[in-house]
Each structure stands twice: as C-alpha cells, then as structure tokens.
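Please read the structure below before turning to the comments.
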Amino acid sequence: MSRLNTAEVEPKWQSAWEEAGVFTATRDESKPKYYVLEMFPYPSGRIHMGHVRNYTMGDVIARYKISTGHNVLHPMGWDAFGMPAENAAIERGGHPATWTYDNIADMRAQMKPLGLSIDWSREFATCDPEYYGQQQAMFIDMLDKGLVYRKNAVVNWDPVDMTVLANEQVIDGRGWRSDAPVERRELTQWFFRISDFADELLSALDGLDNWPEKVRTMQANWIGRSRGLEFAFQLTAPTNGFAELPVYTTRPDTLLGASFVGISPDHPLAKSLEEGNPELAAFSADCRRMGTSEADMEKAEKKGFDTGLRVRHPLNPAWELPVWVANFILMDYGTGAVFACPAHDQRDLDFCRKYDLPVTDTFFALDNPRPVEDEAFVPPKTEPVRWVDHFAGLDVATGQEAIDATIDLAEKQGWGKGVTQFRLRDWGLSRQRYWGCPIPVVHCDACGVVPEKKENLPIELPRDVSFDKPGNPLDRHPTWRDCACPACGQPAKRETDTMDTFVDSSWYYARFTSPRAATPTDAEDAAYWMNVDQYIGGIEHAILHLLYSRFFARAMNQTGHLPEKAIEPFNALFTQGMVTHEIYVTQDDKGRPVYHLPESIEWTESGARLGESGAPVQVIPSAKMSKSKKNVVDPVNIIEAYGADTARWFILSDSPPERDVEWTAAGAEAAFRHLNRVWRIATDAAEASDAAGDAAEDQALDRATHRAIADVTEGVENFAFNAAVAKLYGFTNTLAKSKASGQARRRAVATLAQLMSPMTPHLSEEIWALLGNVGLVVRAPWPKADPALLVEDSVTLPIQINGKRKSEITVAADLPREEVEKIALADKAVQKALAGGQPRKLIVVPGRIVNVVI
RNA sequence: GCCCGAGUGGCGGAAUGGUAGACGCAGGGGAUUCAAAAUCCCCCGCCGCAAGGCGUGUGGGUUCGAAUCCCACCUCGGGCACCA
C-alpha cells in the first residue's frame with residue numbers, strides 16, 4: 001500500500017487535464033451547453049477561504065455537468081478596478097495598474113493548485129483596455145439610445161482633502177483620513193435610466209424560479225413599487241415664485257390626520273428661502289453635514305425647522321398647515337415634500353412630539369379605540385379599522401380600501417391623481433477617481449457634451465499620474481484632458497469622471513462568451529452560451545450587483561449587444577455563506593485587544609495559549625475571516641499541508657452551502673484522514689484477488705453503491721453538498737466493512753471515485769487510474785442508479801401513542817394497511833396503553849409511521 | 001431606523017408536517033505496538049439507580065403528530081444606492 005502524495009499527484013492531474021484541454025470551451029451544437037459562473041474576485045492579492053468555497057462549489061457543478069454530457073463553460077476573470085488600488089498607491093506609492101496586475105498574477109498562482117475546471121484561455125481583467133474599451137463603446141450606444149443622461153446629485157465631500165468620499169470612507173460623519181466633518185455637495189453626474197425599467201425589473205422577478213426567494217423579495221422591496229396620490233397644497237401666500245407644493249403620499253386616506261407639510265432641505269423652495277433666512281440657512285447647512293447613506297439619515301436625530309409658511313388643507317381651505325424643513329425627507333424620492341400624519345407613522349409622531357405639533361387620530365383598532373400617545377398606530381393595510389370621520393364615507397374598512405377610495409375621490413373631485421411610484425432611483429455611475437473606466441465623452445465649448453468617436457476607443461487611462469495629492473489625478477494631468485471635439489474638431493476637454501465599478505461587473509458574464517471579440521459581444525457566441533445556467537456568489541450582492549446586471553442585460557439588448565433571451569442573464573442563482581473562524585485575543589498593557597493568528601495558538605488542557613509565551617488566550621466565537629481580527633487561514637498553507645482535495649472536501653463537508661461555514665483545524669485534519677482512508681480502501685481493493693466471494697455480500701455492496709449514486713446525485717443537483725459528503729462518508733464506511741469479493745469491491749471503489757470526483761478530482765483520477773481505467777474520470781459518464789437495487793423489501797415503522805414514540809415494528813414494505821394496523825394494535829406497548837379498550841383513532845402513514853390515539 | 005435571513009447535543013450539522021440528533025469533530029473506553037504515530041472496534045443530547053421524564057432561541061397557537069406551519073418577542077448576520 002502506498003501513501004497518497006498530494007504534492008506529486010495533484011500537479012500531475014492538473015497537467016493531464018490541461019494537456020487534454022478538458023476545460024477549454026468551444027461551441028458544440030451536438031451537446032447541451034451549460035454555463036456555470038462564480039462571481040469573479042477582486043484582486044486583493046491573496047485568495048481566501050471564501051474564494052475556495054465559492055470556486056469549489058462552482059467546480060463541483062461544472063465537473064458534474066461535464067460528466068452528464070454537457071458542453072460546459074466555466075470561465076474566470078478579475079473585477080480589477082476600484083478604490084483599494086488607488087489607496088495602495090496613496091499609502092505605499094507605486095501605480096494602481098502595477099499593484100493590480102501583480103495581485104492578479106499572485107492570485108492566479110494561488111488559485112491554480114486548487115485544480116479548478118476553469119477555461120483559463122478566456123481570462124480577462126476589467127482594467128484591461130480591451131475590456132473597458134468595449135464598455136466605452138456600449139456606453140456610447142446607450143447614450144445614443146437615451147439610456148444615459150446627466151443630472152445633479154449629492155456626494156460626500158471632504159472639505160480638507162478636497163475629494164469625494166465613498167460611504168465607507170465616511171466614519172461617524174467624518175472623512176476617514178482627514179477626520180473633517182463631511183459635507184453634502186452637488187455635482188453634475190452621469191446616470192443610467194434604470195428607473196425606467198423599474199416595473200419590468202419587478203415583474204420579471206416572477207420568472208426567476210431558480211433564484212432564492214429571499215433575493216427576489218429583497219429586490220422587489222428595493223424597487224419598491226407603490227401606488228399613491230399626488231396632489232398639491234396651495235400656499236396661503238405665494239412665496240419666491242412658489243404658489244403650491246406638490247406632494248406624493250402612499251397614505252392619502254390619512255389626510256385628515258395631517259399635522260404639517262415637510263420638505264427636504266434640498267427642495268427648491270427650501271433653498272430659495274435660505275437666502276432671506278440665515279437661521280434656515282444654518283439649519284439646512286447643518287442637515288448637509290451628514291453622510292449621504294440612507295442608514296446615516298435614518299439613524300440621525302430627526303430635526304426640523306418651521307419656515308413660517310402655511311398651506312391650505314385640500315379638503316378644507318380654512319384649515320392651514322405649517323411648512324417645515326425636515327432632515328429626514330429625501331429630495332430623490334417622490335416630490336421631496338410630504339405631509340406628516342403622526343397618528344399613523346412613528347417617525348412623524350416622534351417629530352410632532354418633539355416640536356409640539358398636533359396629533360389627530362384618523363382611525364382606531366376595532367377592539368381598542370384609544371387615542372395615540374407615544375406609539376403610532378400602524379396596522380397592516382389589510383386589517384379592517386374603524387374610521388373616525390372619513391371624507392370618502394367609510395366606517396369600517398381596511399387601509400387599502402380607504403387608500404383606493406381616497407384616490408378615486410380625489411380624481412373625481414379633480415384635486416389629485418393616483419400615481420405609481422418606485423423607490424428605485426436612477427443609477428449614478430460617475431466616480432471622481434482615476435482607477436476606473438473613463439467615461440468616453442468630450443466637453444466642447446461650442447458643441448456641449450459630445451460622445452467620443454468609436455474609432456478612438458479605448459480612451460485609455462494615462463500611466464503617468466501621481467497620487468501624492470488628494471482628488472482625481474485625471475483632473476490635474478497636464479495633457480490627458482486635451483483633445484479635439486469629435487463633432488467640430490476644435491480643442492475640447494475630456495470628461496474626467498470614471499465609471500462605477502458596478503458597470504464593469506454588470507456585463508462580464510456576457511464578455512466571457514467571446515472574450516477576444518472586437519465588439520463587446522459576438523452575436524453567435526452570445527446566442528450559444530447565454531444565459532448563465534448557474535450563477536454562484538455571496539448574498540451581499542443580492543440587490544445592487546444583481547439588479548444592475550439585470551438592467552444592463554436589458555440595456556445591452558436594446559443596443560444590440562445581447563439577444564432577447566438574455567435579458568435575464570442568470571437562469572439560476574445560488575448564494576453561499578461566509579467562511580468564519582474563531583478569534584484569539586489577548587490584551588496589551590493598556591487593556592487593548594491584541595489579535596493572534598490561528599497558527600500561533602497552542603491547545604493545552606487548560607485552554608488556548610499563545611505558542612511563544614504560553615500566555616492564556618481568550619477565544620471569541622466565530623466571525624467572518626478578516627485581516628484586522630487575524631482569524632484568517634491562508635488556503636495556500638492548507639494546500640501545502642494537506643493538498644487541494646482536502647481543502648475542497650472540508651469546505652464542502654461541514655455546513656450547508658448557503659450558510660456560514662466555520663473553518664476548524666480539526667475538521668481539516670479529519671478531511672485529510674478521510675481521503676487517506678479512501679485511498680487505502682482503494683489500494684486494498686485494487687490488490688484483492690479475483691476469486692468469487694459470498695454472493696449475498698456482493699449484492700449488499702452493490703445495493704449500497706446504487707443507494708450512494710442516488711443520494712449523492714440528488715445532493716449535488718440540489719446544492720446539498722454537505723449532505724452528499726455525509727452520504728459518501730456512509731458509503732465509505734459500508735465499503736470498508738464489506739466482506740464482498742475483490743471484484744465487487746473494485747466496482748464499488750470505482751463508483752466511489754466517480755461520485756467523489758467533482759469534489760476531490762485529483763484523488764479520484766488517481767484511484768480511477770489505479771483501477772486500470774483508460775481515460776480520465778473527469779470525462780467518464782456519471783454513474784446511473786439501478787432502480788431495482790434501490791427498492792427495500794422491509795420497513796421499520798415507529799409506533800406512536802398519542803404522538804409520542806413508544807415502539808416500532810418491522811413489516812414488509814408492501815404490506816396492506818389493514819395488516820399493518822393489526823400488527824400495530826398487537827404490539828406490546830400498544831396493548832399496555834389500551835388496557836383492553838379501543839383506540840379513538842388509528843393513523844397509518846404507509847412506509848412512515850403509525851400513530852395510535854387513545 | 002428600514003428590508004432580508006438564521007438560531008437544533010460540548011462543536012459543525014441531518015431531518016422541510018411523520019422515529020430529533022444521520023454524517024463529521026471533540027471526548028471516553030478498548031485492540032494493535034517495546035513505545036509512539038497511524039489504523040481498527042465500542043460508547044457518547046440532558047435529568048434519573050431505574051422506570052421514566054425533558055429536549056430544536058423564548059412565549060403562545062394550529063394538528064392525531066411541529067425543528068418544520070401561524071402569531072409575538074429575543075439574539076446574531078447580510079443589505080441600505082460611492083466597499084467589492
């Protein structure tokens with residue numbers, strides 16, 4: 001018996017696959033195609049266990065599909081633009097391109113030993129000019145189709161570093177480097193018209209049957225379709241040219257509970273009032289000293305400022321409501337103005353209590369007509385309530401009925417109209433940064449904003465830039481901006497904004513179908529390979545990346561870059577959990593936490609200790625692996641110690657794929673031991689004699705083999721990899737104990753190798769070859785379970801008495817119900833419980849259970 | 001704050017209306033060995049001497065039967081539009 005030498009075996013098979021070109025995808029109309037894609041990585045420089053998990057799952061699917069006769073496309077690339085490369089350049093010098101391409105080389109070298117079934121000939125990085133040049137071409141097509149436009153939008157402005165900050169760079173309202181309070185500043189920015197597609201993106205979710213329900217729900221809520229009433233409050237006295245204040249509300253039925261009218265600090269009326277009102281100007285300035293993120297705004301203290309203006313209530317002109325500027329009202333949603341109904345909205349109620357504004361109930365719960373105090377009454381819109389005095393003549397009605405009645409009434413009386421609104425906003429794609437895809441337009445004094453000519457693409461990023469000053473290096477480059485206007489030929493200036501990196505990742509899946517094409521896609525390749533049959537990635541991308549990709553596929557279809565069938569680019573989606581690990585922490589002399597890497601910990605009887613000093617270490621429960629907490633395990637070390645198959649096997653074995661998995665050293669060792677055991681069983685079987693054995697033993701092993709085929713196939717098809725692994729453990733245990741003949745054991749081992757091959761491809765090839773098979777296991781057809789060998793002839797039924805398990809009986813699987821009842825009633829425990837009486841009820845679920853109710 | 005998830009032995013988990021704890025880890029006992037490593041066998045939810053009882057985050061409900069379905073709550077995680 002030889003020991004398994006992974007350092008030798010794994011590279012050997014990787015070379016064999018490469019030489020045979022097993023994973024190089026070409027169009028082949030004779031086979032069904034299958035496109036499996038994992039979300040491509042950001043090239044941070046090191047692969048981590050999350051990558052191992054993500055790509056191993058995709059690899060299992062890809063290899064399984066190869067063995068079931070599919071023509072598989074399984075590509076890999078790099079999401080290579082983005083802030084970390086610029087941050088590295090600022091902090092350590094060097095160029096973002098150098099940093100990025102070095103990282104890609106490192107990560108590719110770390111990834112290849114995993115033995116993934118990737119077609120590396122299709123690899124690209126989004127920062128390759130060949131890629132982003134095609135992206136620029138599509139941008140121009142989309143501009144031409146009216147899918148892109150410019151408007152003003154607010155950004156986080158760092159007044160010290162004089163630069164735009166990302167939300168993650170704003171910490172407690174301050175810039176991360178300067179520590180200066182950030183300001184909201186308006187810039188003219190480029191936008192995709194994703195909101196034009198809101199209804200379509202929402203309704204098409206219904207067709208995404210193979211997406212997780214939770215992702216579809218999250219997207220539906222994000223798009224946020226609502227039907228409400230739009231109407232205008234008339235100002236009692238026109239001010240600064242404003243005679244009325246249009247508002248949008250989803251609860252027009254509560255109009256009689258209106259307390260005040262609120263407008264955003266960015267509302268045109270609020271801005272016009274600032275000029276003559278220094279106090280308001282100060283208030284609004286204060287509101288603008290806040291990050292732009294919705295979470296920031298929601299968590300901030302609700303503040304308001306009474307403008308002194310008054311509006312008339314639409315249902316009663318004698319009733320005047322005050323107009324307040326409030327910091328929680330978004331200019332981007334609806335009209336930037338709302339009426340507040342404190343009795344039925346907690347935020348409005350808190351605001352009214354704070355500023356002593358009136359609170360008027362408009363409806364009560366049927367069983368509890370108590371006025372609202374400090375808790376707003378917000379029942380579901382489907383719950384009937386009793387109306388205090390509803391202007392549409394309602395008494396008891398649900399919120400939804402009242403909303404509909406109010407909209408009808410307003411339309412009939414002519415003071416308002418029902419409108420459908422979406423929460424989804426247009427996608428702002430401008431970034432004031434260097435390391436992104438340049439937006440291919442030119443600003444000309446004579447012609448305005450002009451798209452670049454396609455023959456001038458790609459508009460490449462200049463290499464000679466410096467990061468010693470904050471802000472966008474493209475802005476201060478001495479010559480890069482200078483160009484000729486594509487329309488009139490006069491000197492003009494390039495746009496210096498680059499694109500959001502979400503644009504890069506919104507179409508890479510399409511580019512993989514023809515990565516070297518001279519156009520963004522190749523029609524025939526896209527028609528053949530699209531859609532992605534199985535997409536795999538983190539749940540953190542449930543909304544933005546996936547929604548943007550869905551939009552982009554539609555926009556690509558409208559500009560002729562994708563076929564109609566590809567407007568929903570991902571047929572099936574699987575969202576995987578994170579990889580976690582325990583955290584080890586000691587404290588320094590000032591009591592601050594000091595984190596330690598897992599490999600520096602030693603386990604003694606008295607607990608975890610630091611290897612060097614022997615100091616006791618506090619163990620904190622698992623959390624997502626992160627550099628700052630040092631609870632990281634480097635896949636490279638694991639592969640060196642145990643081999644890629646062990647890393648792959650363990651990462652699949654311990655948790656359901658959609659849940660978090662905790663990496664443990666003991667678990668990894670157990671995986672390693674198991675694979676060695678499989679190898680030992682295989683070599684024993686290979687060396688066993690050809691003599692005939694006990695036929696019953698052979699048949700029992702054959703049955704177990706076919707049971708395993710059925711169970712593992714089901715596990716792989718349903719993404720229950722941990723369950724498939726558990727079944728493989730079970731089958732291995734059966735095989736190890738089997739007294740079957742050498743021939744029967746070799747049959748079982750060959751099947752075991754095949755069933756394991758998507759997960760542990762190297763070991764499987766080695767066993768496959770050991771057993772004398774010609775060709776690669778990766779190309780062998782997936783085994784089929786023989787139904788005749790799956791049938792059991794007897795079953796054990798638990799006997800419950802009043803729902804509690806008390807006994808069990810073993811009967812023939814096809815025994816008629818009456819016979820099962822007789823045997824069950826004759827059971828000792830049942831007889832005892834009945835004490836001579838009759839059961840009240842007898843429930844027999846064939847093949848499952850018997851319940852005797854007494 | 002809002003939206004979406006998850007919670008089962010000492011640990012990771014299995015079971016998606018029908019025997020709770022498959023499989024693995026850790027632990028305990030034994031075999032083999034001069035010894036160790038490796039390997040193999042057995043035990044292993046909690047309380048209880050036992051009979052038996054209890055048990056799937058907490059509290060209620062539906063059902064002959066609930067980890068699974070419904071309601072309320074608690075805790076943890078993801079997202080919140082410029083992190084990727």
Side-chain angles (χ1 to χ4, degrees), chain A residues 3 39-42 44 79 81-84 155-156 164-170 189 194 212-215 217-222 224 292-300 302 328 332 346-347 423-433 500-502 504-505 538-545 547-548 575 577-578 580 621-624 650 653-656 658-664 666-667 669-671 673-674 676-677 680 720 722-723 725-730 733 736 796-800 802-808 839-843 845 847-854:
Chain A
R3 264 188 80 79
M39 291 180 185
F40 65 164
Y42 179 80
S44 59
D79 190 13
F81 275 136
M83 292 199 306
V155 294
N156 300 308
V164 177
L165 298 177
N167 283 336
E168 72 155 8
Q169 297 173 322
V170 179
Q189 311 230 58
I194 188 173
E213 186 65 41
K214 62 179 169 183
V215 174
T217 307
M218 279 190 262
Q219 291 213 355
N221 290 340
W222 184 262
T292 56
S293 85
E294 192 181 305
D296 280 350
M297 303 196 45
E298 291 286 340
K299 277 187 235 158
K302 309 295 176 281
F328 58 85
D332 292 333
Q346 190 63 43
R347 191 168 56 183
R423 206 185 77 97
L424 179 67
R425 309 198 293 259
D426 276 336
W427 171 11
L429 68 119
S430 294
R431 296 293 180 271
Q432 294 70 43
R433 291 184 228 294
D500 178 8
T501 56
F502 274 126
D504 312 336
S505 55
I539 185 66
E540 66 272 21
H541 295 295
I543 296 173
L544 292 179
H545 163 60
L547 189 62
Y548 289 157
T575 55
M578 298 180 302
T580 64
S622 272
K624 180 178 181 170
F650 176 70
S653 69
D654 239 31
S655 281
E658 68 277 11
R659 289 248 284 268
D660 293 351
V661 62
E662 182 178 354
W663 185 273
T664 62
E669 272 170 42
R673 278 202 305 269
H674 178 72
N676 276 294
R677 182 174 180 230
R680 216 162 38 241
N722 58 323
V725 167
K727 299 293 184 188
L728 285 164
Y729 267 109
N733 289 340
T796 300
L797 297 180
I799 308 281
Q800 291 184 337
N802 290 340
K804 300 242 178 230
R805 185 187 174 280
K806 294 289 177 183
S807 182
E808 65 180 34
R840 282 206 294 137
K841 205 167 176 182
L842 187 59
I843 293 149
V845 183
R848 304 304 306 236
I849 204 164
V850 178
N851 191 7
V852 185
V853 185
I854 295 170

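The structure displayed is predicted, hence computed values, not measured ones. In what follows, chains are A, B, ... by sequence order, proteins preceding strands, each numbered from 1. Values reported hereafter were calculated over all heavy atoms of this structure, with side chains retained and with hydrogens, waters and symmetry mates removed.
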Using purine N1 to pyrimidine N3 plus N6-O4 or O6-N4 for Watson-Crick, or N1-O2 and O6-N3 for G-U wobble, both under 3.5 Å, which nucleotide pairs with B/G52? B/C47
If I take atom CZ in residue A/Arg431 and atom P in nucleotide B/C83, what distance separates them, rounded to the nearest angstrom? 7 Å
What does A/Ala295 touch in the nucleic acid at a heavy-atom separation under 4.0 angstrom: a base, only the sugar-phosphate, or nothing? base
Applying the 3.5 Å cut-off to both distances, the Watson-Crick or G-U partner of B/A6 turns out to be B/U75
Check: A/Asn851 side chain, B/C64 base, donor-acceptor under 3.5 Å: yes
Any A/Asn722 side-chain N or O less than 4.0 Å from OP1/OP2 of B/G12: no
OP1 or OP2 of B/C40 under 4.0 Å from side-chain N/O of A/Arg677: yes
Looking only at atom C1', what distance separates B/U62 and B/C47, rounded to whole Å? 30 Å
Whom does B/C40 pair with, Watson-Crick or G-U wobble, provided both distances fall under 3.5 Å? B/G30
Any side-chain N or O of A/Thr664 under 4.0 Å from OP1/OP2 of B/C25? no
With a non-hydrogen cut-off below 4.0 angstrom, is A/Glu669 in contact with a base, only sugar-phosphate, or nothing? nothing
Can you tell me the distance, in whole Å, between the CE atom of A/Met218 and the P atom of B/G77? 16 Å
Looking for any heavy atom pair under 4.0 Å, which part of the strands does A/Leu424 touch: base, sugar-phosphate only, or nothing? base
How long is the line joining NZ of A/Lys804 and P of B/C54, in whole Å? 5 Å
Using a heavy-atom cut-off of under 4.0 Å over every strand shown, decide if A/Trp222 touches base, sugar-phosphate, or nothing. base
Look at all strands and tell whether A/Val845 reaches a base, only sugar-phosphate, or nothing, counting heavy atoms closer than 4.0 Å. base
Write down the distance separating the P atoms in B/G1 and B/G53, rounded off to the nearest Å. 45 Å
Counting any heavy atom closer than 4.0 Å, what does A/Arg347 reach on the DNA or RNA strands: base, sugar-phosphate only, or nothing? nothing
Which value, in whole Å, describes the distance between the C1' atoms of nucleotides B/C41 and B/U32? 11 Å
Taking any heavy-atom pair under 4.0 Å as a contact, classify A/Val170: base, sugar-phosphate, or nothing. nothing
For B/G13, take OP1 and OP2 only and decide whether either is under 4.0 Å from a side-chain N or O of A/Ser655. yes
Can you see if the side chain of A/Arg673 gets near the phosphate of B/C25 - specifically, an N or O under 4.0 Å from OP1 or OP2? yes
How would you label the contact of A/Gly730 with the nucleic acid (heavy atoms, under 4.0 Å): base, sugar-phosphate, or nothing? nothing
Under 3.5 Å, is there a donor on one side chain and an acceptor on the other for A/Arg677 and A/Asn733? yes
Are OP1 or OP2 of B/U39 and a side-chain N or O of A/Asn676 less than 4.0 angstrom apart? no
Between B/A84 (C1') and A/Tyr548 (OH): distance, integer Å: 13 Å
Of the candidate nucleotides B/G1, B/A84, B/U19, which contains the atom at the shortest distance from the side chain of A/Glu808? B/U19
Among B/C83, B/A14, B/C23, the one nearest A/Pro656 by side-chain distance: B/A14
Toward the 5' end of RNA chain B, which comes first, A/Gln800 or A/Ser293, by nearest nucleotide? A/Gln800
Paired nucleotide for B/C83 [Watson-Crick or G-U wobble; both distances under 3.5 Å]: none
Say you pick atom P in B/A38 and the same atom in B/A26; how far apart are they, in whole Å? 11 Å
So, are A/Glu294 and A/Arg423 salt-bridged, with charged N and O less than 4.0 Å apart? yes
Using the P atom as the reference point in each nucleotide, state the distance between B/A14 and B/C80 in Å, no decimals. 28 Å
Do side-chain atoms of A/Asp426 reach the backbone of A/Ile194 as a donor and acceptor pair under 3.5 angstrom? yes
Could you tell me which residues satisfy salt bridge (Lys or Arg N to Asp or Glu O under 4.0 Å) with A/Glu298, sequence neighbours excluded, listed by chain and number? A/Arg347
In Watson-Crick or G-U wobble terms, both distances under 3.5 Å, what is the partner of B/C64? B/G18
Give A/Gly538 one of three labels, base, sugar-phosphate or nothing, depending on what nucleic acid heavy atoms sit under 4.0 Å from its own. nothing
Is there a donor in the side chain of A/Gln800 and an acceptor in the side chain of A/Glu808, or the other way round, less than 3.5 Å apart? no
Residue-phosphate contact under 4.0 Å: A/Arg423 side-chain N/O, B/C80 OP1/OP2: no
Closest to the A/Arg848 side chain, choosing from B/U19, B/C54, B/G79: B/U19
Report yes if at least one side-chain N or O of A/Lys806 is closer than 4.0 Å to OP1 or OP2 of B/G53; otherwise report no. yes
Heavy atoms only, 4.0 Å cut-off, all strands: where does A/Glu213 land among base, sugar-phosphate and nothing? nothing
Atom pair OG/NE2 of A/Ser653 and A/His674 - distance to nearest 0.5 Å: 9.5 Å
Whole angstroms only, please: what is the NE2-P distance between A/His674 and B/G24? 9 Å
Interatomic distance, CD@A/Gln169 vs CG@A/Asn156, rounded to 0.5 Å, equals 9.0 Å
How far does the P atom of B/C73 sit from the matching atom of B/G29, given to the nearest Å? 49 Å
Among B/U39, B/G78, B/A22, the one nearest A/Arg680 by side-chain distance: B/U39
Worked verdict on A/Ile539 versus A/Val215 for side-chain contact (heavy atoms from CB on, under 4.5 Å): CA-CA 8 Å; A/Ile539 185 66; A/Val215 174; 3.9 Å; yes
Would you indicate which nucleotide in B/C83, B/G5, B/C64 comes nearest to any side-chain atom of A/Glu168? B/C83
Where the side chain of A/Asn167 is concerned, which of B/A84, B/C83, B/C23 is the nearest nucleotide? B/C83
Using atom P in both nucleotides, what's the gap between B/G13 and B/A81 to the nearest angstrom? 31 Å
A/Ile843, nearest nucleotide to its side chain (from B/G1, B/G18, B/A84): B/G18
Among the nucleotides B/C23, B/A84, B/C83, which one has an atom lying closest to any side-chain atom of A/Leu544? B/A84
Identify which nucleotide among B/C25, B/G13, B/C83 has an atom closest to any side-chain atom of A/Arg659, counting heavy atoms from C-beta outward. B/G13
Watson-Crick or G-U counterpart of B/A35, or none if no pair lies under 3.5 Å: none
For B/C4 and A/Asn221 - does any side-chain N or O of the residue sit under 4.0 Å from the phosphate oxygens OP1/OP2? yes
If you measure from CG on A/Leu547 to CG on A/Leu424, what distance do you get to the nearest 0.5 Å? 6.0 Å
